[in-house]
There are 2 protein chains.
Amino acid sequence: MADKIDRRQLKTKQALRKALMELIEEKGMEGLTVTDISTRADVNRGTFYLHYRDVHDMVSQIKAEILEAVDQLMQQVDIYELRMCAAKETTYPGMVRLIEELERNGDFLKIILGPKGDPGFGMTLKAMITKHIWGKMVSHQAMKEFLVPAEYLLAYTTSANFGILTHWIESGMKQTPTEVARILMRIIYHGPMHALNLD
Amino acid sequence: MADKIDRRQLKTKQALRKALMELIEEKGMEGLTVTDISTRADVNRGTFYLHYRDVHDMVSQIKAEILEAVDQLMQQVDIYELRMCAAKETTYPGMVRLIEELERNGDFLKIILGPKGDPGFGMTLKAMITKHIWGKMVSHQAMKEFLVPAEYLLAYTTSANFGILTHWIESGMKQTPTEVARILMRIIYHGPMHALNLD
DNA sequence: ACGATAATCAACGCTTTGTCCATTATGATA
DNA sequence: TATCATAATGGACAAAGCGTTGATTATCGT
């Protein structure tokens, strides 16, 4: 962290990263080649190998950065506050911050979560949601007799909320993070049926 | 369809397909090579090209077959019967049939829906669920004022149910199709909160 | 200004690809 | 069963990408 001050490395890394994003957007992840990336970045092919082992390694590093940031923000979520805010029909600030972080990486996420992206990334995100949010909620309940196995309930809620977020991202992030947070909280707290206004 | 009676073609196709599944299971989709497949299948590499354009094309054909079958079964789902069965706490036969079809292709689905699989396949499946089941349900409701945009409600319910199915597949299909159908119908009809037994 | 090191350039052997061809083996059919 | 059609084989081809190397040049930090 301390000795990454050489501008030459930064410049080529930025160039490579920019080229990667462009190429992924144009042709998807499939058949993405080192030659392509370095050519597009106007960087010698050999130089690529001074920074990354291969294409997969490069993409992995970017994914790791984003996952790290998201994990930190999720860790700070307080379930009690979350429920309180939901009851009061206000948006929980921690959730807004989380969604803002997603928005910040919108271009990459849209691709990596899209049809030509990396399913493993989405699964890791889902696992985070379970770990930090829904897992805690369910375990908090006194272990009553569930009508369905707890693991399936977790799969349900986690997928549902993840689905909302990916829909937002894939449909072009037309709502503000605050609006998305409100949608999420309403469905989370009141359930989908109530959101349908059927009660 | 009528002129596919040459056993030679069938045999090599089967061999190639078997080899593909084995290799995917061992090394994932990444770096899957024509040479690998034909070698494993004990088939001349040139012969591969008599049947498929490349690896991607081969996988696509298998995906298409499964999607075709699933689509047909979904098309036959009758929402009214589905709701009736849910109310009576019985399992809707059409849904069981659907899940049985998934079970039949379990080995392939587990890989294609897994972390190294093809995200596009899952998205297509989700789109089918929306089209055949949840889309109809929501559009059936008189268009009341939803508390959240309808598209997000669809994203929620579709992802949720898809999440249950994938969890079942990824965790090794330990429940019978009938059991999964019951889990699905309970959560669908009563909502996740009721499934938690919190009412 | 100088030493360190990042980036370049050219070349290497290697693997896979997709496409040939002539030849052999096998299935369908009369 | 004999015959014709065609599926599969084996071998070769150029093209492309890979990962690495060594000598050289350019740029950075101090």
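Chain A is the first sequence line, chain B the second, and so forth, proteins listed ahead of strands; every chain is numbered from 1.
- Distance B/K11 NZ to D/dT6 C1': 15 Å, rounded to the nearest Å.
- Among D/dT9, D/dC18, C/dA7, the nucleotide with an atom closest to any side-chain atom of A/T47 is C/dA7.
- When the side-chain nitrogen and oxygen atoms of A/H51 are compared with OP1 and OP2 of C/dA7, one or more of them lie within a distance under 4.0 Å.
- Using a 4.0 Å cut-off, some side-chain N or O of B/T12 falls inside it from OP1 or OP2 of D/dA8.
- Comment: B/E68 does not engage B/K63 in a salt bridge, judged by the lack of any side-chain N to carboxylate O separation of less than 4.0 angstrom.
- As a whole-Å value, the separation of B/D54 CG from C/dT19 C1' is 14 Å.
- Interatomic distance, A/L16 CG to A/S38 OG, rounded to the nearest 0.5 Å: 7.0 Å.
- Side-chain to base pairing of B/R53 with C/dG18: no donor and acceptor N or O lie closer than 3.5 Å to each other.
- Note: CG (B/L32) to C1' (C/dT15) measures 15 Å, nearest angstrom.
- In this structure, B/R8 places its CZ atom 10 Å from P of D/dT6, rounding to the nearest Å.
- Whole-Å rounding puts the A/L50 CG to D/dG19 P distance at 14 Å.
- Aromatic rings of B/F48 and B/Y52 (six-membered ring for Trp) have centroids within the 6.0 Å cut-off, being under it.
- Nearest heavy atom pair, residue B/M29 against residue B/V59, reads CE-CG1, 3.9 Å.
- Heavy-atom distances to DNA chain D give each of A/T35 and B/R45 a nearest nucleotide, and the one nearer the 5′ end belongs to B/R45.
- Listed candidates were D/dG19, C/dT17, D/dC28. Nearest to the side chain of B/V34 is C/dT17.
- Backbone-only engagement by A/T33 is indicated by non-hydrogen atom pairs under 4.0 Å involving sugar-phosphate atoms exclusively.
- Using a distance-only test at 3.5 Å, with no hydrogens or angles considered, a donor-acceptor pair links the side chain of B/T124 to the main chain of B/G120.
- Judged by atom type and distance alone, B/N44 reaches the base of D/dG10 through a side-chain donor-acceptor pair under 3.5 Å.
- At whole-Å resolution of the value, CD1 in B/I37 and C1' in C/dT16 are 12 Å apart.
- Atom OH of B/Y49 is separated from atom C1' of D/dA7 by 18 Å (rounded to the nearest Å).
- The side chain of B/D6 approaches D/dA7 more closely than any other nucleotide in the set D/dA7, C/dT17, D/dC18.
- Following rounding to the nearest Å, B/Q9 (CD) and D/dT6 (P) show an atom-to-atom distance of 11 Å.
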